[in-house]
Protein chains: 2
Amino acid sequence: MEKLYKEHTKVFKALCDEERLHILEMLRNGEKCACKLLENMDIGQSSLSYHMKILVESGIVESRQDGKWTYYKISKQGSKYAISLMRELTAINNISEKEN
Amino acid sequence: MEKLYKEHTKVFKALCDEERLHILEMLRNGEKCACKLLENMDIGQSSLSYHMKILVESGIVESRQDGKWTYYKISKQGSKYAISLMRELTAINNISEKEN
DNA sequence: ATAACATATCTAAATATTTCGATATGAGGT
DNA sequence: ACCTCATATCGAAATATTTAGATATGTTAT
């Protein structure tokens with residue numbers, strides 16, 4: 001399997017869990033610290049941490065440390081990349097199609 | 001968990017498996033029947049069938065029966081929806097951000 | 001009707017993801 | 001230094017996804 005495929009799945013894996021979509025929805029309204037996110041969810045602290053790691057590693061979310069708090073927000077650059085990746089992977093290649 | 005979340009994860013689940021990204025890449029060059037896809041992959045027939053079901057149910061791929069063959073192609077409408085969903089889920093809501 | 005073929009579905013096993021509780025780390029406050 | 005708080009990491013269990021082989025379905029050709 002081509003090496004890029006695995007890299008690409010990371011971006012989409014970030015979005016294929018219901019809890020992570022919930023987190024993302026909260027972050028659409030601005031930067032939040034982990035404790036604030038946790039308040040609005042029905043999961044344990046370690047689970048939230050696990051999800052945040054996946055979101056950050058996908059590039060769609062970025063984190064910032066401030067003392068003992070970790071703040072998270074949606075990354076504009078990361079989202080842009082995710083959107084363009086989605087566009088690219090589903091784009092029909094008209095040149096090859098003619099040769100088919 | 002909100003009902004829409006599960007619906008939304010379906011779209012992204014389609015894209016978070018390496019084999020399915022490989023299939024999608026082949027389909028970018030035009031409609032193909034299952035047997036043709038299978039030729040270029042290193043998986044069994046039932047596994048391909050499983051992946052195609054997930055891709056079709058996500059809306060990103062559409063299928064068409066022709067005699068004993070099943071042809072698959074990327075759905076323009078489905079891809080458009082997937083892209084707009086990705087855009088929506090990562091869009092920063094500036095109105096609420098001010099109120100934060 | 002039967003045989004050959006393409007694909008779908010079923011079942012069980014293999015593998016990956018997610019969850020929880022316990023513990024570790026690291027920052028601030030006393 | 002010690003305590004407390006916020007978050008991260010670890011390990012095991014629970015759950016979900018993926019795979020392969022066997023079988024079922026439906027189509028075409030004889």
Side-chain angles (χ1 to χ4, degrees), chain A residues 1-3 5-27 30-73, chain B residues 1-3 5-27 30-73:
Chain A
M1 197 71 1
E2 216 177 284
K3 180 150 184 290
Y5 291 148
K6 188 166 280 172
E7 202 56 31
H8 290 167
T9 61
K10 259 211 235 170
V11 174
F12 301 109
K13 277 188 181 165
L15 302 171
C16 60
D17 176 275
E18 299 187 58
E19 300 296 353
R20 292 197 286 274
L21 291 187
H22 183 195
I23 293 166
L24 220 46
E25 190 173 51
M26 292 189 274
L27 293 181
E31 190 180 60
K32 304 252 183 316
C33 82
C35 53
K36 186 88 187 181
L37 292 170
L38 199 53
E39 269 176 23
N40 296 302
M41 302 184 70
D42 213 27
I43 58 174
Q45 181 270 320
S46 66
S47 294
L48 176 65
S49 187
Y50 164 75
H51 287 305
M52 296 321 296
K53 190 174 183 178
I54 289 176
L55 282 167
V56 168
E57 284 178 351
S58 79
I60 293 174
V61 168
E62 51 188 319
S63 69
R64 161 176 83 77
Q65 215 59 33
D66 181 3
K68 37 184 182 173
W69 293 278
T70 310
Y71 286 88
Y72 295 99
K73 65 174 173 183
Chain B
M1 197 70 1
E2 217 177 284
K3 182 154 182 287
Y5 290 148
K6 189 166 280 173
E7 201 55 32
H8 290 167
T9 60
K10 258 210 233 168
V11 174
F12 301 110
K13 275 187 183 165
L15 301 171
C16 60
D17 176 276
E18 298 186 60
E19 300 295 354
R20 292 196 287 273
L21 290 187
H22 183 194
I23 293 165
L24 219 46
E25 190 173 53
M26 291 190 275
L27 293 181
E31 192 182 57
K32 305 251 181 320
C33 80
C35 55
K36 186 89 188 180
L37 292 170
L38 200 53
E39 270 177 20
N40 295 300
M41 301 183 70
D42 211 25
I43 60 175
Q45 180 270 321
S46 67
S47 294
L48 177 65
S49 187
Y50 165 75
H51 287 303
M52 295 322 294
K53 191 174 185 180
I54 290 177
L55 282 167
V56 168
E57 283 178 352
S58 79
I60 293 175
V61 168
E62 50 189 321
S63 68
R64 163 177 82 81
Q65 215 61 33
D66 182 2
K68 39 184 177 172
W69 292 278
T70 310
Y71 286 89
Y72 295 99
K73 67 174 172 183

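All chains are named by letter (A, B, ...) in the order of the sequence lines, taking the proteins before the strands, and each is independently numbered beginning at 1.
Note: CD (A:Glu18) to C1' (D:dT17) measures 15 Å, nearest angstrom. Put simply, CG on A:Asp66 is 18 Å from P on D:dC5, counting in whole angstrom units. Rounded to a whole Å, the CE atom of A:Met41 is 15 Å from the C1' atom of D:dT7. In this structure, A:Leu21 atom CG and C:dT18 atom C1' are separated by 15 Å, rounded to whole Å.
Of the residues in residues 44-56 of chain B, those with a non-hydrogen atom less than 4.0 angstrom from any atom of DNA chain C are B:Gln45, B:Ser46, B:Ser49, B:Lys53. For the segment residues 7-14 of chain B, the set of residues with a heavy atom within less than 4.0 Å of an atom of DNA chain D comprises B:Lys13, in numerical order.
Put simply, the side chain of B:Asn40 gets close to the backbone of B:Lys36: a donor and an acceptor are under 3.5 Å apart. No donor-acceptor pair closer than 3.5 Å links the side chain of A:Arg64 to the backbone N or O of A:Lys73.
Contact between B:Leu24 and B:Ile60 at its shortest, heavy atoms only, is CD1-CG2, 4.1 Å.
Residue A:Tyr72 is classed as a sugar-phosphate contact, given heavy-atom separations below 4.0 Å to backbone atoms only.
For A:Trp69, taking side-chain heavy atoms from C-beta onward, the closest of the listed nucleotides D:dT27, D:dT19, D:dT7 is D:dT7. Distance from the side chain of B:Asp17 is smallest for D:dT18 among the nucleotides D:dT7, D:dT18, C:dA6.
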